[in-house]
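Below: the structure, in structure tokens.
Within every chain, numbering begins at 1; the chains are lettered A, B, ... in the order of the sequence lines, protein sequences first and strands thereafter.
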Amino acid sequence: MSANLTARERLEPFRPGKDGPWDYAAAAHLARRQAFGAPRELVEKILELGPRAAPGALLEELDETPEMEAVADSQRRIGSTEAVQTWWTHRMLRGNCPARDKLALFWHDHFATSDTKVKDARLMMDQVQLFIRQGAGHFHALLQSIARDPAILIWLDGNSNRKGKPNENFARELMELFSLGVGNYTEEDIKEAARAFTGWHVKDRKFWFNKRAHDTGSKTIFGTTGNFDGTDVLLACLEKQACGEFIAEKLFNYYVGTPVDGELRKALGELYHANLHSLSPLVGQMLSSREFYSAPARRAILSSPADFAIGTLRNLGATAGAAHLPEEMSRMGMDLLRPPSVKGWQKGKSWLNSNTLLSRYRFASMLGGADENSFRVPWGKLRKEGPNRLFKLFFPGGLDEKIRKVILEEAGGDLKLMVTAIVELPEHQYI
Amino acid sequence: MIFTRRDFLKLSGPGLTLAPALLLEAAEKAAGAAGNQRLVVVQLTGGNDGLNTVIPFEDDSYYRSRPALAIPKARVLRLEGSSEMGLHPSLAGLQELHKEGHLAIIQGAGYPGPDRSHFRSMDIWHTANPSIAGEEKGWLGKALEQKPAALSGIHIGSESLPLAFNGERHVASIQNLDFIELLSGSKGARLKKIMRAVNAEPRTRGPGYIRGLANETLDTLDQILKVSQEPPPVEYPDSELGRQMKLAGQMVSGGYPARILYLGQRGYDTHARQSNAHTSLLGDLSGALTAFYRHVEKTGVAERVTVMVFSEFGRRVKENASLGTDHGCAAPMFLLSGKIKGCLRGPNPDLTNLDRGDLRFTIDFRRVYATLLEELFRIDSKKLLGGNFDKLGLFT
């Protein structure tokens, strides 16, 4: 992409032919980013839909498949953290709308709530289902819903927030992490906002406005004084210019991954407002932009453990036994429903250290391993298709000839070892 | 990067001219382990309640501020040489180490313009920069860059590599030995060969970074396996921190090349029902630190290692209504070493002169960093920390 484009131009729709080819590699790029991995059927569907229509189509809400409904019911009945993790990873792997799970995962990281403190995996499941349902809707509605979500209120000490004895936890994270970012509020704003949220409690595992604990006195937030309640504070945050830029930039980092400067941040904020805070068209525009299909954006994002593990299994058409998938992802540094802090997971290069890299190698060797209960790979089908299709599946944009040769030589005709090697390649760690 | 003796020989081979500083460093290295001071950083994540850790048991305002959470005077463990400050009842091991003169307590550690966000304050401690903006190098990452031949670091823990290590040098991160054992079996040889093969070709950009990390990880594996096979002469607590400290003790005693080790303990964000949680955290901490000290003492290396314990901030003086405490500012740090002069440094906390309900700092934490950088590694702290921070005379 030519360097002299303005930020707005970079966000304009990709024009097949003029900006680059609309081919299998381009469609696979969208598949990896908007879903998990690039299984052939999905890439072919995207190719047919075209770059403009594909992102919106992938996010469309579909009825649950009977299989997924049954898994959801059984795992909810069990009700442990592991059971809910198993349900969600199973949905990412085999569900009919992985793009919604990918976006839900973004919100799980953004409103990072941990079951280590909530200690109620069914409430965690409700929260994830909220993200799946509302994650592509309006940000206003999403924020108003999450502020009344029992799991997050337990996580951020909602019940301790009472008139005369405010607990700042929720108010602080609302401004710092959920809507505005550091530098767009003061310590005083937080103290006053905490008073506005007094009485936003959880009772019998449901949101409960505890009128007696609510502080009805006047508060000054962002320089305006009034008898504000929590809803008013949420609206005040949503109305700040910084909010649109904060949310749009974070989504851009998640989906597009090229560096954001001041000009681009501003343009992203405009895009957020032009879409009237509606998330599906906002994400769709990012994912169909000239920037998204530019050379620097390809394979620019270091895969999260979900991208890596679920993407690999989906590429291979493999299935996972019970809790194996979340367990392996946890070894790779992503313990679903238990993010390390309210700030979510550290992303990018931070996904990889000696530990987590070894965990990815461990996973790669398990694929070719003897334990049929962990992961089941359709080896017969892969063998029939041959090594060339395998390489195209993982590297539709091509792979350095020298590296390809090393793998063919090392594996010496052993397909399982070849898959292990491909999955371990530094190139496969990027999406 | 791990330098071996062979690398050193390669460096000093004929036809190579070395900068004097590098030569000196190489000489220090060649002199053997005697000059090799090690630093073990223990991070208490979440904001440790300093006031209930090192306790002003003669101060009425402490008891007034914390009707539910204050530790009763009778239960406070007394510190040798102080008639006003004592330790939390679960810190018996540390009390003993202080009595023996191996524990220095630095009171009121903090920095100007304290930030009450966990993340920002932690970033400040990691970068030693209270006005941090954007991505920066960590203080230990910079130290590693300054002495590439002599210093290397290792992180033991399940979370991602601490920002403190951020810099040009790769630092290995080790979670536990399960992964390593997988590769030590007979099937492991073939898998290890594949791991090497996929990382053989040089790369650029991201894959180049991953290749470097991978090759270094594979190099490190064997060394770790070696030191972890030596059973320690003491018992460590059966906890995450205990296991991490045990491996650190084995590394220090077994001559593992890393000279900066980093590990931590989570769970200090005690907004509600603090009492039991804090008691058990501190008990675990004291047990692990004490076992570590006895371990290195018995293996004769206690004078060559210093442990630094810190948290991103202390907590508010007044307890909250949920039997917990909210984010605060200044708090004590611990330094533990056979080389240190045991002490209680800095003025006792002043609970009558607060900053929005929080203790004011009296010792800039960068003075502790300066002391460690200069005393342990002979690094010019002024340059590294971007300012002149007076050393605390702590070491013998």
>> Taking every non-hydrogen pair under 4.5 Å, which of B:Asn199, B:Asp115, B:Thr217 racks up the most with chain A?
In response: B:Thr217
>> Let's test your reading of the structure: which of B:His118, B:His271, B:Arg211, B:Arg203 forms the most heavy-atom pairs below 4.5 Å with chain A?
In response: B:Arg203
So which part of [X] gets closer than 4.5 Å to some heavy atom of chain B, the side chain, the backbone, both or neither?
X        : value
A:Lys347 : neither
A:Ser341 : side chain
A:Asn169 : side chain
A:Glu176 : side chain
A:Ile422 : neither
A:Leu352 : both

> Should A:Glu168 and B:Arg116 count as an ion pair when the cut-off is N to O under 4.0 Å?
Replying inline: no
>> Between A:Asp414 and B:Arg190 (salt bridge meaning N to carboxylate O under 4.0 Å), is one present in this structure?
In response: yes
> Are any of the side-chain heavy atoms of B:Ser322 and A:Asn167 separated by less than 4.5 Å?
Replying inline: yes
>> Are A:Leu177 and B:Phe119 packed together at the side-chain level, in the sense that at least one heavy-atom pair is separated by less than 4.5 angstrom?
In response: yes
Nearest 0.5 Å please: distance from the [atom1] atom of [X] over to the [atom2] atom of [Y].
X        : Y        : atom1 : atom2 : answer
B:Leu163 : A:Gln346 : CG    : CD    : 8.0 Å
B:Leu213 : A:Leu358 : CG    : CG    : 9.0 Å
B:Ile210 : A:Glu424 : CD1   : CD    : 12.5 Å
A:Asn353 : B:Phe165 : CG    : CZ    : 12.0 Å
B:Ser117 : A:Met175 : OG    : CE    : 14.0 Å

Neighbour count >12 (heavy atoms, 6.0 Å) for atom [atom1], [X]:
X        : atom1 : value
A:Lys349 : NZ    : no
B:Asn276 : CG    : no
B:Lys246 : NZ    : no
B:Arg120 : CZ    : yes

Among [options], who wins on heavy-atom pairs under 4.5 Å with chain B?
options                                : answer
A:Gln429, A:Arg172, A:Lys117           : A:Arg172
A:Val406, A:Leu417, A:Ile407, A:Val182 : A:Leu417
A:Lys165, A:Lys402, A:Glu410, A:Lys343 : A:Lys343

>> Minimum heavy-atom separation for B:Gly206 and A:Tyr430, please, with both atom names.
In response: CA-OH, 2.9 Å
>> If you compare all heavy atoms of B:Leu191 against all heavy atoms of A:Ser365, which two are closest, and at what distance to 0.1 Å?
In response: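 The answer is CD2-CB, 3.6 Å.
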>> Applying side chain to side chain contact (heavy atoms under 4.5 Å, CB included) to B:Arg356 and A:Lys191, what does each step give before you reach the verdict?
In response: CA-CA 11 Å; B:Arg356 285 181 288 172; A:Lys191 287 193 173 159; 4.3 Å; yes
>> Does any backbone or side-chain atom of B:Arg196 lie under 4.5 Å from a heavy atom of chain A? Answer side chain, backbone, both or neither.
In response: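 Answer is neither: B:Arg196 stays 4.5 Å or more from chain A.
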> Backbone N or O of B:Ala272 within a donor-acceptor pair of the A:Asp157 side chain at under 3.5 Å?
Replying inline: no
> Passes side chain to side chain contact (heavy atoms under 4.5 Å, CB included), B:Arg205 versus A:Arg299? Steps please.
Replying inline: CA-CA 11 Å; B:Arg205 294 177 54 190; A:Arg299 296 273 185 177; over 6 Å; no
